[in-house]
S.K.: 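If you scroll down you'll find the structure; I have some questions about it.
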Amino acid sequence: MTFRYQTSDCMPRLYPVMTFRRCFITAGEKPEQLSIKRGNYQESQWGEGTAPVIVEKKEHAAPARLQLQWMAVTETRAYTLDQQLDTARIEKLLGKKALEDVPLYRTLVVGIAPYGRVALWLRGTLKSKLIGWYQAQPMAPELLAELIAPLTPEEYCAACLAQDEAVAANLQEAGLPQPDYYDRLMRQYRYRYLPLEEYWDGEQWQRYDEEDLYYDDMTFRRIEVQRFDGSHQQRGDLKLLQYHKAGLPRRLTMEWLEGTANMQVFCWFSFEPLSQQMEQLRAIAPDVTPTLVMRLDSRAKRFELALQGGPLEQPATLPQECYEMLVFRNGNEYWRSEIFTKEDEAEWEWD
């Protein structure tokens, strides 16, 4: 079984690496070595890659192994990875179609994070999926010496840092991230989104009566999400309203109709406070599947996100530091949260 797909790598903007080897080894009787195209870490987001959208004409078997060798220039440390992949799962996903002749997933993206951590995604226009999160091993000193001769590791990394002032300045001012930061960023949770058709009575949220005419005028149309783990789901995937396993949301877009009015909400999340809320709930009730509740009352200009599940029998409003929100009505700005820093209009549109 063969497929048409692209390859790309990516890395955090302020923690670049220099790769000596990056390739997939395909499955089958005649394995191929497919070089992974170099992404532009200065422009792409974590999980995106920068491979062309046009799919190669040549078909290849799905990858069976991922092989990497690199120098983490901000760590002065080299790593190597030879990872067996879940080929059967990748084949199944590469075979899915967005339309009859259009594959749902077009690109295999490899992400290289600090401390030898490596992510693999399958990415398409409509959605992307995290395939694996791996740990590389330190490179043997003799192999590293051969790859960077005649320089020492310190000289090699200093030369790389001299070419990017932003990276060098960040390393001096902020240093490296906490060792567990990217593990927490990539952590998967089982949860769902739930828009509640309620109204704010001035003191608390109330359910609409079924005979309320306003209740009948509300039609939920779409929900789209970009996540901290580098994955995304786009174009109104209402499956997000069902329980699913995924990383925490980085940005959420919702749209619904109120009579003839088109309402849109954009939500940007802050990772640390949102992660803290989820981890606190998981610590109390490890087996609970939480719900991220969306309460939206445009008449009262009241918009809130809340967390529900386990000991939280009623939705508990998320603290303001967890997210920023912007609401549009018929294309015009209608409301924004008290904490709001996303003044660049380019951030309001889907990437």
Side-chain angles (χ1 to χ4, degrees), residues 1-11 17 19 21-37 39 44-49 51 55-56 58-70 79-98 102-137 182-191 225-234 237 239-240 242-248 289:
M1 189 180 302
T2 57
F3 309 90
R4 293 188 180 96
Y5 58 87
Q6 293 279 10
T7 63
S8 179
D9 70 1
C10 70
M11 60 199 73
V17 305
T19 51
R21 177 179 176 81
R22 56 181 191 277
C23 68
F24 289 112
I25 306 299
T26 63
E29 297 180 357
K30 298 181 179 180
E32 294 181 84
Q33 178 176 301
L34 300 181
S35 178
I36 299 171
K37 294 181 176 64
S44 64
Q45 294 281 349
W46 178 243
E48 284 185 2
V55 179
E56 292 182 351
K58 186 178 179 181
E59 293 191 351
H60 306 280
R65 303 195 73 83
L66 169 61
Q67 296 182 343
L68 298 169
Q69 294 176 344
W70 75 93
Y79 298 94
T80 182
L81 177 75
D82 187 0
Q83 180 67 45
Q84 180 73 41
L85 302 177
D86 187 346
T87 304
R89 184 187 180 201
I90 295 174
E91 286 180 341
K92 182 178 179 180
L93 293 171
L94 285 174
K96 289 191 173 184
K97 304 292 184 181
V102 180
L104 182 59
Y105 300 102
R106 294 176 176 270
T107 308
L108 280 157
V109 180
V110 175
I112 305 175
Y115 307 110
R117 300 297 267 160
V118 175
L120 175 63
W121 301 269
L122 267 172
R123 185 175 180 85
T125 302
L126 299 182
K127 67 189 302 184
S128 61
K129 184 178 288 290
L130 179 66
I131 301 299
W133 180 236
Y134 315 115
Q135 177 64 59
Q137 300 300 315
Y182 278 91
D183 286 329
R184 294 189 296 112
L185 200 73
M186 303 300 287
R187 186 165 295 161
Q188 304 292 288
Y189 299 85
R190 182 170 175 78
Y191 64 102
V225 64
Q226 294 171 326
R227 305 186 184 94
F228 286 107
D229 70 0
S231 65
H232 76 278
Q233 284 180 255
Q234 194 173 342
D237 196 339
K239 290 183 179 179
L240 292 169
Q242 304 170 8
Y243 285 110
H244 59 284
K245 192 174 183 180
L248 293 178
T289 49

S.K.: Between Tyr5 and Leu122, is any pair of side-chain heavy atoms under 4.5 Å apart?
M.R.: no
S.K.: Are any non-hydrogen side-chain atoms of Ile131 and Leu108 less than 4.5 angstrom apart?
M.R.: no
S.K.: With sequence neighbours excluded, what pairs up with Asp9 under the salt bridge (Lys or Arg N to Asp or Glu O under 4.0 Å) test?
M.R.: Arg22, Arg38
S.K.: With sequence neighbours left out, what residues match Asp86 under side-chain hydrogen bond (donor to acceptor under 3.5 Å, both in side chains)?
M.R.: none
S.K.: Write down the atom of Pro31, the atom of Ile25, and the distance for their closest heavy-atom approach.
M.R.: CB-CG2, 4.0 Å
S.K.: Of all residues at least two apart in sequence or in a different chain, which pass the ring-ring contact (aromatic ring centres under 6.0 Å, His included) check with Tyr189?
M.R.: none
S.K.: For Thr2 and Ala61, which heavy atoms make the closest approach, and how far apart are they?
M.R.: CG2-N, 4.0 Å
S.K.: Report the residues that fulfil side-chain hydrogen bond (donor to acceptor under 3.5 Å, both in side chains) with Arg227, sequence neighbours left out, ordered by chain and then residue number.
M.R.: Ser231, Gln233
S.K.: Under a 4.5 Å cut-off applied to non-hydrogen side-chain atoms, are Glu91 and Phe3 in contact?
M.R.: yes
S.K.: What pairs with Lys92 under side chain to side chain contact (heavy atoms under 4.5 Å, CB included), at least two apart in sequence or on another chain?
M.R.: none
S.K.: Please report the closest heavy-atom contact between Thr87 and Ala62, naming both atoms and the distance.
M.R.: CG2-CB, 4.0 Å
S.K.: Are the side chains of Lys129 and Arg89 in contact, using a 4.5 Å heavy-atom criterion?
M.R.: yes
S.K.: Could you tell me whether Lys97 atom NZ has more than 12 heavy atoms of other residues or ligands within 6.0 Å of it?
M.R.: yes
S.K.: Please check if the side chain of Thr80 supplies one atom and the backbone of Gln69 the other of a donor-acceptor pair under 3.5 Å.
M.R.: no
S.K.: Search all heavy atoms of Ala119 against all heavy atoms of Leu130 and return the closest pair with its distance.
M.R.: CB-CD1, 4.2 Å
S.K.: Side chains of Leu104 and Leu126: closer than 4.5 Å at any heavy-atom pair?
M.R.: yes
S.K.: Name all residues meeting the ring-ring contact (aromatic ring centres under 6.0 Å, His included) criterion together with Tyr191; count only those two or more places apart in sequence or in a different chain, and write none if there are none.
M.R.: Tyr193, His244
S.K.: Which heavy-atom pair separates Met186 from Asp229 by the least distance, and what is that distance?
M.R.: CE-O, 3.3 Å
S.K.: Does the side chain of Leu120 come within less than 4.5 Å of Val118's, by heavy atoms?
M.R.: no
S.K.: What pairs with Thr289 under side-chain hydrogen bond (donor to acceptor under 3.5 Å, both in side chains), at least two apart in sequence or on another chain?
M.R.: none
S.K.: Please enumerate all residues that pass salt bridge (Lys or Arg N to Asp or Glu O under 4.0 Å) together with Glu32, with sequence neighbours excluded.
M.R.: Lys58
S.K.: Would you please name every residue forming a salt bridge (Lys or Arg N to Asp or Glu O under 4.0 Å) with Arg190, sequence neighbours left out?
M.R.: none
S.K.: According to side-chain hydrogen bond (donor to acceptor under 3.5 Å, both in side chains), who are the partners of Arg21, at least two apart in sequence or on a separate chain?
M.R.: Gln33, Gln67
S.K.: Mind listing the closest non-hydrogen atom pair of Gln137 and Gln135 along with its distance?
M.R.: NE2-O, 4.0 Å
S.K.: Within the side chain of Ser128, is there an N or O that forms a donor-acceptor pair under 3.5 Å with the backbone of Glu48?
M.R.: no
S.K.: For a 4.5 angstrom cut-off between non-hydrogen side-chain atoms, does Pro63 reach Leu34?
M.R.: no
S.K.: Is there a side-chain contact between Arg123 and His232, using heavy atoms and a 4.5 Å cut-off?
M.R.: yes
S.K.: I'd like to check the ring-ring contact (aromatic ring centres under 6.0 Å, His included) partners of Trp121; sequence neighbours left out, ordered by chain and number.
M.R.: Trp46
S.K.: Among all residues two or more places apart in sequence or in another chain, which pass the ring-ring contact (aromatic ring centres under 6.0 Å, His included) test with Tyr79?
M.R.: Trp70
